[in-house]
Amino acid sequence: MLITGIKITLILLVATSITSLCLGTIIVIMRISRINILRFLGTLYVEIFRNIPGLFWILFFYFVFPELLPQSWGDKLNGYIHYPVIAGILGLTVDNASYVSDILRSGRLSIPHAQREVAMSSGLSRLQQYLHVLLPQMFRATLPPLGTRMVHNFKNTSLCMAISASELTWATQQIESLTFRGIEATSIATLFYICLASVMVAVIILLEKFLKIDVSSLKQSKA
Amino acid sequence: MIDLLGQFENIRFYLVGPYPNGAIGGLSLNILLTVLAISFSFVFGALLGYSRLSCRLYIKLPCMAYIEIVRATPLIMIIFWMYFFLPYLVGGHATIFSSAVVSLSIYAAAYQAEIVRAGIIAVPRGQLEAALSTGMSRYGAMQHIILPQAFRIMIPSFVSFFVSLFKDTATVFIIGVIELTQAGIIISQRDPDKMYAAYLSMAIGFWCVCFTMSHLARRLEKKVGVFDLESIRPDACRDEFMLLPKQKKTGEGIEQSVVCAPDK
């Protein structure tokens, strides 16, 4: 049961990290675009999703979302055995993406304007500017806060127990209620969370060392 | 129209829970939990953050261990630990409310400690040097020179931490505290017709408080505005801070803000 729990937790972690990075990137592009409507929508998204707990979104996607869909789709979703996990992924993604977009936006602000000008003057299209010049720098400049965010996201996967997604925390509670060996199970789970979070932090620090941007050189190019 | 009003007839339950006939609950309980947890953990967190900067290893290491362990554990796990263990610790009966407060305080203390540490580090070192050279003792310098400035720097982080802790209080519904989330779930399960209204009320309740507070934080940040990035040294650590190292670092490579505001 614990092994399944760990598996589901890892699935949740990997899936939400990838999806929220993608969604966050889309939203940050919306927020820094020149088109007013897109900018408005991006800001609206961030203001709404940042100010409501992730737990709410998980519950929302589990209980309310199938009702909002057409009847037959909703029934199918409710009948699907892995729907709690999917609802958890959706809820965590929309919650995390708002933070990711906020972090990336601060990264965009830290890139000197000259970079953009150079990209433009070397004849790159707007898409190419984003893909080859701006986005890589944004990710590299914001690696430490992004990493912290991902660790938070990992911890938030435990919230999915509220909708009985069979992840690690839920498994410990099941063990507690079936065998009364709650303390052992909870200790193992806590240890697992601490270990994996530490491993994530270590990986992030290593990545940071490899990908560190030389800030002073950026500053000189600014001047 | 009448029907629409009927959807929201439980508004009182969302705001104060079963208050006149029972314990307080709903949105006000969320706020109460946040305020209690913040105030308890402030004392504890300030001590932890201060001692983490100590140059004595036997003080520094336990504090570091506490902070890192709590920060690496999901809040839900802390809540379960306290839910099961608090009755043993106090020897007998512990209400779910008290275990919620205790677990939130334990959780918040680690984050507050980080805020305090970042605040103390953010005070330019020249201040301490100047204070020491005028003949103040270290504690005097801390008390009269460093801490007042550090607290000023910390205020915006505290307010944004308040917001994130407020959102985290939603988690305690897992042990059955009737706060806003639990109230919404109770109503939506008792009366499935009112499900949309219940979830909408939950969302609006959380959103209003968080939106106001986070805008307050942003405004404070502008007002306080002592966040001169040049003065923040990410590699500063209290032991070199206290021992006044000889080599002077040039102000390069300090672009990245050290302030680890717990951006939850």
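Here is how names work: the chains are called A, B, and so on, in the same order as the sequence lines, proteins then strands, and each is numbered from 1.
With a threshold of 4.5 angstrom between heavy atoms, B:T73 approaches chain A through its backbone and through its side chain. Neither the backbone nor the side chain of B:F166 comes within contact range of chain A; no heavy atom of the residue lies under 4.5 Å from a heavy atom of that chain. For chain A, no part of B:I78 is nearby; none of its heavy atoms comes within less than 4.5 Å. With a 4.5 Å cut-off on non-hydrogen atoms, A:L196 does not touch chain B at all. For A:E176, the part lying under 4.5 angstrom from a heavy atom of chain B is the side chain only. For B:Y199, the parts lying near chain A are the backbone and the side chain together; criterion is any non-hydrogen pair under 4.5 Å. Both the backbone and the side chain of A:E67 come within contact range of chain B, each with at least one heavy atom under 4.5 Å from a heavy atom of that chain. A:S187 touches chain B through backbone and side chain together, each having a heavy atom under 4.5 Å away. Heavy atoms of B:T171 lying under 4.5 Å from chain A belong to its backbone as well as its side chain. Both the backbone and the side chain of A:L68 come within contact range of chain B, judged by heavy atoms closer than 4.5 Å. Interface remark: B:F211 contributes backbone and side-chain atoms alike to the contact with chain A (heavy atom separation under 4.5 Å). Contact annotation for A:V151: neither backbone nor side-chain heavy atoms come within less than 4.5 Å of a heavy atom of chain B.
Using a 3.5 Å distance cut-off with no hydrogens or angles, the side chains of A:T19 and A:T93 do pair a donor with an acceptor. Between A:T190 and B:W81, the side chains place a donor N or O and an acceptor N or O closer than 3.5 Å (distance only, hydrogens not considered). Under the 3.5 Å distance criterion, with hydrogens and angles disregarded, no donor-acceptor pair is assigned to the side chains of A:T172 and A:Q174.
Side chain of A:T9 to main chain of A:L168: a donor-acceptor pair is present (N/O by atom type, distance under 3.5 Å, no hydrogens or angles). Judged by distance alone, with hydrogens and angles left aside, the side-chain atoms of B:S28 form no donor-acceptor pair with the main-chain N or O of B:I24 at under 3.5 Å. Panel note: side chain B:K167, backbone B:F206; no donor-acceptor pair is recorded below 3.5 Å. At distances below 3.5 Å, at least one donor-acceptor pair connects side-chain atoms of B:T95 with backbone N or O atoms of B:S98.
Ranked by heavy-atom pairs shorter than 4.5 Å toward chain B, the options A:T142, A:I48, A:L191, A:V64 are led by A:V64. In terms of non-hydrogen atom pairs under 4.5 Å with chain B, the most contact-rich of A:T186, A:D95, A:L159 is A:T186. Comparing B:C210, B:G205, B:A170 by heavy-atom pairs within less than 4.5 Å of chain A, the highest count is held by B:C210. Across B:L180, B:V209, B:I204, B:I174, the residue that shares the most heavy-atom pairs under 4.5 angstrom with chain A is B:I174. For the options A:N153, A:I194, A:V201, heavy-atom pairs under 4.5 Å to chain B are most numerous at A:I194. Among A:T148, A:L55, A:N96, A:T157, the residue making the largest number of heavy-atom pairs under 4.5 Å with chain B is A:L55.
If you run ring pair (Phe, Tyr, Trp, His ring centres under 6.0 Å) between A:W57 and each of A:F65, A:F49, A:F63, A:Y62, only A:F49 comes through. The one candidate from A:I103, A:L211, A:L21 that meets the side chain to side chain contact (heavy atoms under 4.5 Å, CB included) condition with A:F139 is A:L21. Exactly one of B:V172, B:I96, B:V177 qualifies for a side chain to side chain contact (heavy atoms under 4.5 Å, CB included) with B:I79. That residue is B:V172.
Between B:Y111 and B:Y107, the ring center distance clears the sub-6.0 Å criterion.
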